[in-house]
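See below for the structure under consideration.
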Amino acid sequence: MSEQHYILVINCGSSSLKFSIVNPENEESVLSGLAECLLLPEAKISWKYQGEKQQTALPQKANHTDALQFITEQILTHFPELKQQIKAIGHRITHGGEKYSQPTILTPSVLDDLSALAELAPLHNPANVTGVKAAQVAFPHLKEKNVGVFDTGFHATLPPQAYLYALPISYYEKYGIRRYGFHGISHYYIAYKTAEYLDKRLEDLNMISCHLGNGASITAIKNGQSIDTSMGFTPCEGLVMGTRSGDVDPALLIYLKQKLNLSTQETSDLINKQSGLLGLTNGSSSDFRYITENYAKDKYCQIALDVYIHRLVKYIGSYAVLLDNKLDAIVFTGGIGENSELVRRLVLEKLTILGFELDQERNLAARFGQNGKITSDQSQHSAYVIPTNEELVIAKYTASFI
Ligand code: ADP
């Protein structure tokens, strides 16, 4: 086996840890997996090596450090050469604030800054920092080779008119209240791949990237840079998501808080955990497959689908205007964007006014995670499906440090 420089990519949530060992040269993920239900009695871990999947329970209430220890001591002992060839660790960090937009070595002082930013991203940054510390314990010889790649980073180019809320300006100046945008690693990958696909330089690319997964966001990219995006101060703003409401009238929350006597936590749970597709289907499901299977026979699923498409089309229309009529492409990605011919069809049928003409055969063929054009050859503008690959972006950035 020739000497390789593998990167371990880690993406930590509050109760989960996704990992992938990536070869940034040939862009292959050699081994990947997910530890979930961490800190709960049913903690478990699954992983895939060369197409073969395995799963096992972790000790009850295992934490992130336990999960990483299992990866190094149980899984990787079977692949000693692979373990030895991990040269650095790349972490997905949700919030870099205004200070961190570029990939950064996670020194103790950077970690202190990121912990302080937990005030802006209480659901995400503490888990990310926990993941970094756990990785430093599990791979002590790589302690100085932990690199953070920020989900807010790609949106650092938003102009003030896009990132400012019309609140007293002192709130921005004193407390950093502004729109930051998220899913930046995915939107960057999609822009990079689209430029490659269209044989254009990234700096010349004008496009709209639709990342539609459980979380969903859309980004207007002008001359290769993010100029507007639908998520804001938190990942709750914008599109309809699995359990997040996306845009609502802000005064509505004050009304509901008073009327239903909701606590701050209950109000947060309402818009983050009980809304979106889950809320519109009257609590039936946050999963888009459920909507797809039932919209013809269930009025709530039909409503959820209608609101979902309406919001998405509205954003695409307004972002097309921001691109000064230089739209090279719309790209769909994420679990829904890559797999739902229904969503792509309904969206593109509404966009004939912008010069899009759907090719339904191509749309159906693009269903199985294949890159592909889904508009006709006569269409004035093109739409594509491109599977996202955030791990690869993190691995490549991390490799650039070693
Ligand atoms: P996450 O944001 O958690 O990474 P994903 O990008 O994996 O989420 O997307 C999950 C969403 O993709 C779910 O709503 C799921 O129902 C949807 N999805 C996956 N496959 C299909 C499919 N074949 N048709 C419609 N929706 C799908």
Side-chain angles (χ1 to χ4, degrees), residues 13-15 94-95 97-98 116-127 151-152 155 158 160-184 211-219 228-288 291 299-301 303-319 336:
S14 53
S15 63
T94 303
H95 213 310
E98 288 194 320
L117 275 170
E119 205 181 299
L120 297 184
L123 300 178
H124 300 93
N125 271 38
D151 227 12
T152 44
H155 303 301
L158 291 187
Q161 62 268 30
Y163 72 65
L164 283 176
Y165 291 109
L167 292 168
I169 193 80
S170 58
Y171 283 52
Y172 165 61
E173 292 168 344
K174 277 195 205 149
Y175 309 120
I177 305 294
R178 51 160 284 180
R179 309 183 64 256
Y180 287 96
F182 298 88
H183 282 155
H211 179 113
L212 310 176
N214 272 319
S217 71
I218 168 167
T219 296
D228 206 351
T229 192
S230 58
M231 286 178 168
F233 180 66
T234 76
C236 194
E237 189 177 338
L239 301 175
V240 175
M241 307 182 217
T243 60
R244 290 179 221 149
S245 63
D247 297 333
V248 290
D249 178 346
L252 179 66
L253 298 179
I254 302 160
Y255 174 84
L256 281 176
K257 210 165 156 17
Q258 280 172 349
K259 187 172 172 68
L260 304 177
N261 200 19
L262 300 179
S263 67
T264 305
Q265 187 58 49
E266 286 167 335
T267 314
S268 167
D269 286 351
L270 172 67
I271 52 172
N272 282 299
K273 297 184 177 165
Q274 296 156 12
S275 295
L277 298 174
L278 182 68
L280 285 167
T281 57
N282 204 19
S284 291
S285 181
S286 62
D287 193 306
F288 210 89
I291 311 285
K299 73 170 178 176
Y300 290 127
C301 287
I303 288 167
L305 179 64
D306 290 347
V307 178
Y308 189 93
I309 299 294
H310 181 86
R311 182 91 51 92
L312 183 52
V313 168
K314 221 161 67 163
Y315 264 98
I316 293 175
S318 60
Y319 283 4
I336 298 171

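The structure presented is a predicted model; accordingly, all values stated were derived computationally and were not measured.
In this structure, CG on Asp151 lies 6.5 Å from NE2 on His183, to the nearest 0.5 angstrom. Taken to the nearest 0.5 Å, the CG atom of Leu270 stands 6.5 Å off from the CG atom of Leu256. To the nearest 0.5 angstrom, Ile177 atom CD1 is 11.5 Å from Leu164 atom CG. Leu280 CG to Ile303 CD1: the interatomic distance, rounded to the nearest 0.5 Å, is 7.5 Å. Note that CE of Met241 is 9.0 Å distant from CG of Asn272, once rounded to the nearest 0.5 Å. Tyr172 OH to Ile169 CD1: the interatomic distance, rounded to the nearest 0.5 Å, is 7.5 Å.
A heavy-atom distance below 4.5 Å is not found between the side chains of Thr94 and Thr152. No side-chain heavy atom of Ile271 sits less than 4.5 Å from a side-chain heavy atom of Arg244. Side-chain contact between Asp247 and Arg311 is present, with heavy atoms from C-beta onward closer than 4.5 Å.
The stretch residues 228-241 participates, sequence neighbours left out, in these side chain to side chain donor-acceptor pair (under 3.5 Å) pairs: Tyr165-Glu237, Arg179-Asp228, Arg179-Glu237, Thr219-Thr229. For the side chain to side chain donor-acceptor pair (under 3.5 Å) condition, the pairs that include at least one residue of residues 249-264, sequence neighbours left out, are Ser263-Glu266.
Tyr180 carries Arg178 over the face of its six-membered ring, with the cationic atom under 6.0 Å from the centre and within 45° of the normal.
Under the rule for a salt bridge (charged side-chain N to carboxylate O under 4.0 Å, His left out), the partners of Asp287 that lie at least two apart in sequence or sit in another chain are Arg289. Judged as a side-chain hydrogen bond (donor to acceptor under 3.5 Å, both in side chains), and not counting sequence neighbours, the contacts of Asp306 are Gln302. Checked against side-chain hydrogen bond (donor to acceptor under 3.5 Å, both in side chains), Asn282 has no partners two or more places apart in sequence or in another chain. Applying the side-chain hydrogen bond (donor to acceptor under 3.5 Å, both in side chains) test to His95 and every residue at least two apart in sequence or in another chain returns nothing.
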Practice task
Please test Asn214 against Thr243 for side chain to side chain contact (heavy atoms under 4.5 Å, CB included), starting from the C-alpha separation and ending with a verdict.
Solution key: CA-CA 8 Å; Asn214 272 319; Thr243 60; over 6 Å; no

Exercise for the section: Assess whether side chain to side chain contact (heavy atoms under 4.5 Å, CB included) is satisfied between Leu239 and Leu212, documenting all intermediate values. Expected result: CA-CA 9 Å; Leu239 301 175; Leu212 310 176; 3.9 Å; yes

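The closest donor-acceptor contact from the side chain of Asn125 to the backbone of Ala121 lies at 3.5 Å or more, if one exists at all.
Across all non-hydrogen atoms, the minimal contact from Ile291 to Ala304 is CD1-CB, 4.0 Å. Pairing each heavy atom of Thr281 with each of Tyr300, the nearest pair is CA-CB, 3.7 Å. Residues Tyr308 and Val240 come closest through the heavy atom pair CE1-O, 3.3 Å. Between Ala118 and Pro126, the shortest heavy-atom distance links the atoms CB-CG, 3.8 Å.
Side chains of His211 and Ser217: no donor on one and acceptor on the other come within 3.5 Å.
In the displayed structure, Phe233 atom CZ is contacted under 6.0 Å by more than 12 heavy atoms of other residues, nucleotides or ligands.
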